[in-house]
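Letters go in sequence order (proteins before strands), and every chain restarts at 1.
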Number of protein chains: 2
Amino acid sequence: MKLSTRSTYGVRAMLALALSDGQSPLMVKEIAERQHLPATYLEQLMVLLRKASLVTATRGSHGGYVLTRPAADISLADIIEVLEGPLVLSECPTGVGCCSHPEQCALVDIWEEASQALIQVFANISLASLVERQRAKEMNTVLMFNI
Amino acid sequence: MKLSTRSTYGVRAMLALALSDGQSPLMVKEIAERQHLPATYLEQLMVLLRKASLVTATRGSHGGYVLTRPAADISLADIIEVLEGPLVLSECPTGVGCCSHPEQCALVDIWEEASQALIQVFANISLASLVERQRAKEMNTVLMFNI
DNA sequence: TTCAAGCAAAGTAGTTCGCTCGGAAGGGTC
DNA sequence: GACCCTTCCGAGCGAACTACTTTGCTTGAA
């Protein structure tokens, strides 16, 4: 029951993009360094994010990635679903065993409720609000340090 | 991001126990048949549930398993945590990379929030209420069928 | 035309998953 | 005590998945 590193790396990469000015594209190597991620692996993930239209790539020198939409319009759920697959905690293989009668199985509802709870959390957090949280936290630590 | 079959099988096995009268123990083979689970695999899971004191085993003929506590005192979270491990969606390997400063990382909080959301769902559903739901659903289907 | 970037596909070492098997240990029954 | 019956335990195993790396191609700005 862990998120794969794909999701977490992906979110961190998107956070890096959101934290940058958004003018000039950020290249994979740069993102990887800022977030301490394996660059060649991250490359793969960025391609997936591009195919999902969450980021836009420009090739050639001085290329890299930018967010396709404003950070406020991208939720963590968007990112995670691309890299993790649909957030469904359990699927009853319909037509087999107990689940030949899914309409009689109370557990189907339970798994659905749990999945929805997860999705809600991630859907309610946009990249923009993540940036805010991040800035607030950093600010806080600095203040703490000064006291 | 799926629950393993361990959890779902385990919950179903516990449901079977809760649905039984609770007087005479239910043996693995019987549980497996009622829930259409692979018996030899389920055997392993039952041992884990016993070690977690959720069920009590009696060996020898007419042996089997019973719930240790009343069904109302056992939550799905109890069962799932035993079989799935702690419900923690992501752990920052402290001391490495970005997480050498976890107090500055907004994501730590996010993963924690999401984990808590999940745990809440499962903690709020007891085996007893699962039994209720199950009975209600079956009743419903029968009624639907009669109309 | 060069060369820095993204893109694509394959490979790989390690781990986990779902499950089986064989046999030992414990416990009623005759 | 002999004999089932059931749980308990450890080993094993193939398939899938994870987290990468490698290699080589394509694209496009300078």
Distance alone, cut at 3.5 Å: any donor-acceptor contact between the side chains of Thr68(B) and Ser53(B)?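 Per modelled atom types, Thr68(B) and Ser53(B) side chains form no pair under 3.5 Å.
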To the nearest 0.5 Å, what is the distance between CG on Leu127(B) and CG on Leu17(B)?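 Here the rounded value is 8.5 Å.
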Rounded to the nearest 0.5 Å, what separation is found between the OG atom of Ser75(B) and the CE atom of Met14(B)?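 The CE atom of Met14(B) is 9.5 Å from OG of Ser75(B), to the nearest 0.5 Å.
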Starting at [atom1] of [X] and ending at [atom2] of [N], how long is that distance when rounded to a whole Å?
{"X": "Met1(A)", "N": "dC17(D)", "atom1": "CE", "atom2": "C1'", "answer": "17 Å"}
{"X": "Tyr9(B)", "N": "dG18(C)", "atom1": "OH", "atom2": "C1'", "answer": "7 Å"}
{"X": "Lys2(A)", "N": "dC17(C)", "atom1": "NZ", "atom2": "C1'", "answer": "16 Å"}
{"X": "Leu49(B)", "N": "dC9(D)", "atom1": "CG", "atom2": "P", "answer": "14 Å"}
{"X": "Tyr41(B)", "N": "dA15(D)", "atom1": "OH", "atom2": "C1'", "answer": "14 Å"}
{"X": "Leu45(A)", "N": "dT18(D)", "atom1": "CG", "atom2": "P", "answer": "12 Å"}
{"X": "His36(B)", "N": "dC19(C)", "atom1": "NE2", "atom2": "P", "answer": "15 Å"}

Where protein sits on nucleotides 3-11 of chain C, one letter per nucleotide: B base, S sugar-phosphate only, - none, heavy atoms under 4.0 Å: -BSBBS-B-
For Thr58(A) and Pro25(A), the nearest pair of non-hydrogen atoms, with its separation, is OG1-CG, 3.7 Å
Contact class for Ser4(B) (heavy atom, under 4.0 Å): base, sugar-phosphate, or nothing?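 The residue Ser4(B) makes sugar-phosphate contact but no base contact.
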Remember a base hit wins even if backbone is also touched, and classify Thr40(B) as base, sugar-phosphate or nothing at under 4.0 Å, heavy atoms.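 The residue Thr40(B) makes base contact.
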Could Glu113(B) and Arg133(A) be called an ion pair, given the rule that one side-chain N must be under 4.0 Å from one carboxylate O?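 Salt bridge between Glu113(B) and Arg133(A), a charged N being under 4.0 Å from a carboxylate O: yes.
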Please confirm whether the backbone N or O of Pro86(B) pairs with a side-chain atom of Glu81(B), one donor and one acceptor, at under 3.5 Å?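 Such a contact is absent between Glu81(B) side chain and Pro86(B) backbone.
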